[in-house]
Amino acid sequence: MAIQLEQVSFTYAEKSLWKQTALHDITLGIPKGLLTGIAGATGSGKSTLLQLFNGILKPTQGTVKVLDVTIRAGEKSPKLLPLRRRVGLVFQFPEQQMFEDTVEKDLIFGPLNFGMSPEEAKERARKAMLEMGLDLALLSRNPFRLSGGQMRKAAIASVLAMDPEIVVLDEPTATLDPVSRAELIAQLERLCREQGRTVIIVTHRMDELLPVADRWILLKDGKIAFQGSGGELAADPDILTRCGLGVPHSLRYWHAIAGQFGLAGERPRLTAESLAELIASLPGTVRSGNTAGMGDAHE
Amino acid sequence: MNERLLLGRSIETGSWVHKLDARSKLTGMLLYVAVILLSDSWLSMVLLAVFSITIMASTRIPLKYFIKAAKPLRYLMLFIFIVQLLSVKEGDVLWSAGSFSLHEGGLRLAAFSVIRMLFLITFTALLTFTTTPGKLNQGLEGILAPFKKLGLSPDRITLMISIALRFIPTILDESQIIMKAQASRGADLQELPLKEKARMLVSLLVPVISSAFRRAQDLVYSMEARGFRMDAPRSRYHRLRWGAADTVFVAMFIIMGVAVALL
């Protein structure tokens, strides 16, 4: 397992009148090399959970095991610098967290802190830019002069430049346009499939992550409501409603088609293309046009 | 939210002080400052302590929260104590070494200064602990209303204060997010040496200030889009009501002031 949480609770401002427990008795495991989605209604504890993964927050109860590092509540935590190099955490609206005057300086900030030479750090920066599909000419630009999508990708690249084994992202596609969102998800999937990194993504848009996520963790009121494979989630979409989440369009379409054609038990088709192909291949269905003409990615 | 920042956060307990009109609490606080300045004997300090602790206890807010409010200024209090102790050369000599000496008057003034400051901070925290920022602003506006005739704009002043109060936790939260992002990339302030710590804090300024300006701009547009005009007459969601308890509250401070002045 890349990450294991055992009976973890987290309370903000634990010793004050304003204490607020964000996570209750969480036990979960996130396997290495897979793409895991985390979803839950607003205030369900998703962002708090992510910050436990690289020791930014420490549990107030229970044990967090990340790779070979164990952080126990109430005990002095080990040196977290090596862990933070191995677990890259991209916060929500990462572009707001850029602070240097050029993209390159921002990208080499992490590698330099982790003891790399300036040449090596610059090489890492260039590699991370290419991984995120960004033009190297942007390296000399001021990060605040980039477009919204470019800035978001540059911010993610600043974490990738540290070459982390685990990449954790808090709503990376929020506020992006549909094309940029699809591109970003595809790039994050490549990081997982082609480079073997463990990728964990918190999202409110389950539709865009359902086709690519291997596993899902659903939170409700700071507790685990579901953890399992995408297939298990697709088989019981009511769990999403119970968590206060809407059932994604792709899942509703799949269930409608599966019910109509008796496909229960088949691998769910959660993209417009794969569903169209399946429908076209079913005996007795009439092809009335080109699937490329179907509305948006989910319709 | 920064849990250590207690000043400016209300704690609802439903006590009689919570229910008072914000104007009476503000008036009480102004009188309290005068009482503190008038207190210059140990007896008046004891009286002040009994009075302050009784009122603080009656708010049903644990006393440790009042003390915590003063904690951030402990070094300033220590500094004032040392400066007073060393600079005042009145009364009997308590200790001397060569030309250097400590006097009884210096010790007394140093102690009084620290006690006064401690009372001032802990007791005035009562105002913000028992009054929400909105009601506090409304109270301030009510108190400043007579100054309209002199060309002063209470609206403008209270708007500035309410926006400043509103943005303190937001800016603190944003700073914390950036610090967490920097810690994630290997620059944890808690683990850095002092020189690096200072450098990192300076690097925080750019994104925090630019974000504050962006928010201020958004706020102006949003207020204008909703028809806000400075000094335009507006109805109030909560109306201030001055009751008998408010008169009693203010009277207590006046009596206290007279008592301290007579001692």
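Chain A is the first sequence line, chain B the second, and so forth, proteins listed ahead of strands; every chain is numbered from 1. Any value given below was found using the heavy atoms of this structure, including those in side chains, with hydrogens, waters and symmetry copies removed. Just so it is clear, the model here is predicted, and its values are computed rather than measured.
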Neighbour count above 12 (heavy atom, 6.0 Å) for A:Arg190 CZ | yes

Once you round to the nearest 0.5 Å, how far does CG of A:Leu107 lie from CZ of B:Arg185?
-> 7.5 Å

Side chains of residues 138-149 of chain A: which donor-acceptor partners sit under 3.5 Å, not counting sequence neighbours?
{"from": "A:Ser140", "atom 1": "OG", "to": "A:Ala137", "atom 2": "O", "distance (Å)": "3.4"}
{"from": "A:Asn142", "atom 1": "OD1", "to": "A:Phe144", "atom 2": "N", "distance (Å)": "2.8"}
{"from": "A:Ser147", "atom 1": "OG", "to": "A:Gln150", "atom 2": "N", "distance (Å)": "3.3"}
{"from": "A:Ser147", "atom 1": "OG", "to": "A:Gln150", "atom 2": "OE1", "distance (Å)": "3.3"}

Do any of residues 45-65 of chain A have a heavy atom less than 4.5 Å from a heavy atom of chain B, and if so, which, in residue order?
-> A:Gln51, A:Asn54, A:Ile56, A:Leu57

NZ/A:Lys122: more than 12 non-hydrogen atoms of other groups inside 6.0 Å | no

Taking every heavy atom of A:Phe109 against every heavy atom of B:Ala187, the minimum-distance pair comes out as CZ-CB, 3.5 Å

Please indicate whether A:Glu120 has more than 12 foreign heavy atoms, meaning atoms of other residues, nucleotides or ligands, lying under 6.0 Å from its CD.
-> yes

Neighbour count above 12 (heavy atom, 6.0 Å) for B:Phe79 CZ | no

Do you know which two heavy atoms are closest between B:Ser184 and A:Phe91, and how far apart they sit?
-> OG-CE1, 3.6 Å

